[in-house]
Amino acid sequence: MAAVDASDSMRINRALNKTSKLYRAAKARKLAELGLHPGQDVLLWLLAQQPEGMTVSELAARVGIEPPTATRSLARLESGGWFRREPVATDRRQVRIVVTAAGHKLIPSIERAWSELAEQAMGGVSAQQRDITIAVLEQANERLRGLVDESVLAEE
């Protein structure tokens, strides 16, 4: 594999930084329409996939964040009435986070926002270009994952 020259490295850095910032801003706008902030959509969606709910520790592990970070994120999300806390019968220190009917009702809107954003970002490219772009970005994510503490992704 050929080394990246200085000109290409500048273009790569600029493109990835700009894409990251623009995507996050566009996602924040879409989620704000639903009363959510970036990251809350993922937490709620993951919780909704588990009818019996999850403990905070299970949710944190699933997202790749520390339990205190998950607790803070849930506290900010709680005012929407999208989940409830239920005691864990076998461990009084634990609670299960269970999505309410209101939370389940929000899930299709979250998925629609994700779909619209993906279409807006990639809609003008061919299926082949999209597949190549996704594969390249996934490879870059794998390489970068080893360089950072994944808890920095908690707010994504």
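Below, all heavy atoms of this structure are taken into account, side chains as well, without hydrogens, waters or symmetry copies. Every value quoted in this text rests on a predicted model; they were computed, and no experiment measured them.
Closest heavy-atom contact between Leu117 and Ala26: CD1-CB, 3.6 Å. Annotation for Ser73 and Leu43: closest pair CB-CD1, 3.4 Å, computed over non-hydrogen atoms. When all heavy atoms are compared, the tightest approach of Leu31 to Pro38 is CD1-CA, 3.6 Å. Residues Thr100 and Gly81 share a closest heavy-atom pair of OG1-O, 2.8 Å. Pairing each heavy atom of Ser57 with each of Gln94, the nearest pair is OG-NE2, 4.2 Å. Residues Ala70 and Val56 share a closest heavy-atom pair of CB-CG1, 3.9 Å.
A 4.5 Å side-chain heavy-atom check between Leu36 and Leu77 finds at least one atom pair inside the cut-off. Leu47 places a side-chain heavy atom less than 4.5 Å from the side chain of Leu74. Proximity of Val42 to Trp114: side-chain heavy atoms (C-beta onward) are separated by under 4.5 Å at one or more points. In this structure, the side chains of Met122 and Thr133 come closer than 4.5 Å at one or more pairs of heavy atoms. Residues Arg76 and His37 have side chains not in contact (no heavy-atom distance under 4.5 Å, counting atoms from C-beta outward).
Environment of CZ in Arg85: crowded, with over 12 heavy atoms of neighbouring residues, nucleotides or ligands closer than 6.0 Å. When the shell of 6.0 Å around CD of Glu52 is examined, it contains more than 12 heavy atoms from other residues, nucleotides or ligands. Taking a 6.0 Å sphere around CZ of Arg11, one finds it holds 12 or fewer heavy atoms contributed by other residues, nucleotides or ligands.
Rounded to the nearest 0.5 angstrom, Ile97 CD1 and Glu58 CD are separated by 10.5 Å. To the nearest 0.5 Å, atom NE2 of residue His104 and atom CG of residue Leu44 are 8.5 Å apart. Distance check, rounded to the nearest 0.5 Å: OG1 of Thr71 to CD of Glu78 gives 10.5 Å. How far CZ of Arg130 is from CD1 of Ile132: 11.5 Å, rounded to the nearest 0.5 Å. The CG atom of Leu106 lies 12.5 Å from the CZ atom of Phe83; values are rounded to the nearest 0.5 Å. Taking CZ of Arg143 as the start and CD of Gln139 as the end, the distance is 6.5 Å to the nearest 0.5 Å.
Although no hydrogens or angles enter the test, the distance criterion places a donor-acceptor pair under 3.5 Å between the side chain of Gln49 and the main chain of Trp45. Here the side chain of Thr55 pairs no donor or acceptor atom with the backbone of Arg96 at under 3.5 angstrom.
Linking ILVMFWY side-chain heavy atoms closer than 4.5 Å, directly or via other members, places Ile110 and Val98 in two distinct hydrophobic clusters. One hydrophobic cluster, built from ILVMFWY side chains closer than 4.5 Å, holds both Val63 and Ile107. In the hydrophobic cluster analysis, where Ile, Leu, Val, Met, Phe, Trp and Tyr join through side-chain heavy atoms closer than 4.5 angstrom, Tyr23 is grouped apart from Leu137. Residues Leu144 and Val148 are members of one and the same hydrophobic cluster, defined by side-chain heavy-atom contacts under 4.5 angstrom among Ile, Leu, Val, Met, Phe, Trp and Tyr.
Of the charged side-chain nitrogens involved, at least one lies within less than 4.0 Å of a carboxylate oxygen, so that Lys27 and Asp41 count as a salt-bridged pair.
A donor and an acceptor atom, one from each side chain of Arg112 and Ser115, are nowhere located under 3.5 Å apart.
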